[in-house]
Amino acid sequence: MDARMVAQSQSPTLTLVHRNLRLKPKHPSVVAVLTRPTDDIAGETRKTNVYKDKWFDHLAINHLSKSVQASSGLSNSKSGYESLVEAATVASQKFSPIQQREVVIQALNIAIPNPIPLLIRTLLPPSKFAREYFAVFTTMFFAWLVGPSEVRESEVNGRIEKNVVYIKKCRFLEETNCVGMCINLCKMPSQSFMKDSFGIPVNMVPNFDDMSCEMIFGQEPPASTDDPALKQPCYKLCKAKKNHGTNCLS
C-alpha cells in the first residue's frame with residue numbers, strides 16, 4: 001500500500017482504571033517489519049474463511065465484545081465478530097502490551113463472573129480428567145471465537161492424554177492479521193486467566209505460518225524471555241501496522 005494512504009492519528013489521552021491502576025495509552029512508534037512473499041499466508045491473495053454464526057455464536061461474540069469495550073472504556077457501534085475485532089484493534093492501538101493483557105483479563109472477569117470459575121475450580125481440581133474436560137469443552141463451545149478445532153493427544157507425566165486443542169486456523173488471528181494482537185490480546189492473557197481463575201495451566205502455541213494453534217492444557221507456558229511466539233516478527237501486511245504504523249509487540 002502506498003505510504004500516502006496510511007492514515008496516522010494521535011488520539012486524545014484515554015485512561016483505564018484496573019485494580020486501582022490508571023493506565024495511559026502508549027505513544028505510536030514506527031518499526032521495521034518482516035517482508036514475506038505475496039503468496040504467503042499474510043499475502044493479499046490469501047483466502048479468508050467464511051463463518052456462518054448461529055444464534056448462540058452471536059450471543060457469545062457480542063457478550064465478549066461488550067466486555068472488552070467495558071474493560072477498555074473504548075466503545076464501538078459495530079456488530080458481530082467485526083465488533084469484537086474492532087474492540088481488540090482499538091485496544092491494541094491505545095495501550096501498551098502489558099496494558100492490553102490487563103484489559104483482556106479484566107474483560108474475561110466481566111464476561112465470566114468469579115463464582116463460575118470458583119465452582120469449576122472446586123469441582124475440577126488439576127487432574128487428567130480436568131485437562132481432558134477443558135480440551136473437549138473448548139472444542140465444543142469456542143468455535144465462534146477461534147474457529148473449528150479438534151482434540152489431540154500428548155504425553156503428560158509419561159502417559160497419553162487427550163489434553164490438546166488443535167485449532168486448524170485461528171479466526172481471531174485471521175481477522176486481525178496481527179502477531180501482536182494474537183500475543184497480547186489472546187495468548188498471554190488467556191494463559192494467565194486460565195491459571196489464576198481455573199487453576200489449570202495452559203500453553204498456547206500459535207503457528208504464524210499457517211495460523212493454526214495448539215492449546216496444551218496442563219502444560220506451563222515458557223517464560224516470556226524463552227517463548228518463541230514473543231520473538232516472532234509481525235506480518236508484512238499486518239492490519240494494525242498498515243493502518244496505524246505501530247509496533248506489534250511493544
Side-chain angles (χ1 to χ4, degrees), residues 14-24 55-76 80-81 83-88 90-92 94-146 149 151 163-165 167 170-172 181-204 213 215-221 223-224:
L14 298 176
T15 59
L16 169 70
V17 178
H18 175 65
R19 297 175 183 172
N20 298 322
L21 295 178
R22 185 171 295 274
L23 307 179
K24 295 183 179 180
W55 68 269
F56 173 80
D57 303 325
H58 283 292
L59 285 177
I61 291 167
N62 290 331
H63 181 57
L64 182 57
S65 176
K66 293 299 183 184
S67 297
V68 174
Q69 293 175 55
S71 175
S72 66
L74 304 168
S75 61
N76 68 70
Y81 206 84
S83 174
L84 178 59
V85 171
E86 177 70 10
V90 174
S92 73
K94 301 298 180 183
F95 303 109
S96 72
I98 296 299
Q99 293 167 354
Q100 291 171 44
R101 298 168 196 178
E102 288 292 317
V103 164
V104 174
I105 291 173
Q106 183 176 348
L108 292 174
N109 284 322
I110 294 173
I112 308 174
N114 187 58
I116 296 176
L118 180 61
L119 176 62
I120 294 176
R121 186 170 183 168
T122 302
L123 296 176
L124 291 174
S127 64
K128 176 178 183 292
F129 176 79
R131 293 187 287 271
E132 293 187 337
Y133 174 85
F134 275 108
V136 172
F137 185 86
T138 300
T139 300
M140 293 179 62
F141 292 100
F142 284 91
W144 57 269
L145 178 60
V146 298
S149 61
V151 175
N163 65 317
V164 179
V165 173
I167 301 166
C170 179
R171 183 180 187 179
F172 183 74
M181 291 176 67
C182 168
I183 297 297
N184 299 316
L185 294 167
C186 182
K187 171 182 163 63
M188 301 300 284
S190 296
Q191 290 176 168
S192 297
F193 181 77
M194 285 299 300
K195 180 67 177 292
D196 296 340
S197 298
F198 292 99
I200 184 168
V202 59
N203 183 20
M204 298 181 68
C213 183
M215 299 178 65
I216 309 172
F217 288 96
Q219 184 179 99
E220 292 284 353
S224 58

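Computed from a predicted structure; not experimentally measured.
To the nearest 0.5 Å, the span separating OG on Ser71 from CD1 on Ile110 amounts to 5.0 Å. One finds the OH atom of Tyr133 at 11.5 Å from the CD1 atom of Ile200 (value rounded to the nearest 0.5 Å). Distance check, rounded to the nearest 0.5 Å: CZ of Phe56 to CD1 of Ile61 gives 10.0 Å. For the atom pair CD1 of Ile120 and CD1 of Ile112, the computed distance is 8.0 Å after rounding to the nearest 0.5 Å. Note: Ser197 OG to Ile105 CD1 = 8.5 Å, rounded to the nearest 0.5 Å. Summarising the geometry, atom CG belonging to Asn163 is positioned 11.5 Å from atom CE belonging to Met215; distances are rounded to the nearest 0.5 Å.
Although no hydrogens or angles enter the test, the distance criterion places no donor-acceptor pair under 3.5 Å between the side chain of Lys187 and the main chain of Cys182. For His63 (side chain) and Ala111 (main-chain N/O), a donor-acceptor pair under 3.5 Å exists by modelled atom type. Put simply, the side chain of Gln100 never gets that close to the backbone of Asn184: no donor and acceptor are under 3.5 Å apart. Put simply, the side chain of Gln99 gets close to the backbone of Ser96: a donor and an acceptor are under 3.5 Å apart. At distances below 3.5 Å, not a single donor-acceptor pair connects side-chain atoms of Asp57 with backbone N or O atoms of Trp144. Checked by atom type and distance alone, the side chain of Gln191 never pairs as donor or acceptor with a backbone atom of Pro221 at under 3.5 Å. For the pair Arg121 (side chain) and Asp196 (backbone), a donor-acceptor distance under 3.5 Å is present.
Side-chain atoms of Leu64 and Leu84, non-hydrogen and from C-beta on, do get closer than 4.5 Å to each other. When side chains are defined from C-beta on, Glu132 does not count as touching Phe217, because their heavy atoms never get closer than 4.5 Å. Looking at heavy atoms from C-beta onward, Ile183 lies in side-chain contact with Arg101 at the 4.5 angstrom threshold. For the pair Phe193/Val104, no side-chain contact is recorded, criterion being any heavy-atom separation below 4.5 Å from C-beta on.
The shortest heavy-atom contact between Ala135 and Val165 is O-CG2, 3.3 Å. Gln219 and Asn203 make their closest contact through OE1-ND2, 2.7 Å (heavy atoms, listed as atom of the first residue, atom of the second, distance). Between Ser190 and Val202, the shortest heavy-atom distance links the atoms O-CG1, 4.4 Å. Annotation for Asn76 and Ser83: closest pair OD1-OG, 3.1 Å, computed over non-hydrogen atoms. Closest approach of Cys186 to Met204, counting heavy atoms only: SG-CE, 3.9 Å. Nearest heavy-atom pair, Ser72 versus Val103, reported as atom, atom and distance to 0.1 Å: CB-CG1, 4.0 Å.
A donor-acceptor contact under 3.5 angstrom links the side chains of Gln69 and Ser65, judged on distance only.
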Derivation of the side chain to side chain contact (heavy atoms under 4.5 Å, CB included) call for Phe95 and Val90: CA-CA 9 Å; Phe95 303 109; Val90 174; over 6 Å; no
Dump the intermediate steps for side chain to side chain contact (heavy atoms under 4.5 Å, CB included) on Phe134 and Met194, then the final yes or no. CA-CA 10 Å; Phe134 275 108; Met194 285 299 300; 3.8 Å; yes
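Outside the 6.0 Å centre-distance limit, the rings of Phe172 and Tyr81 are not counted as a close aromatic pair.
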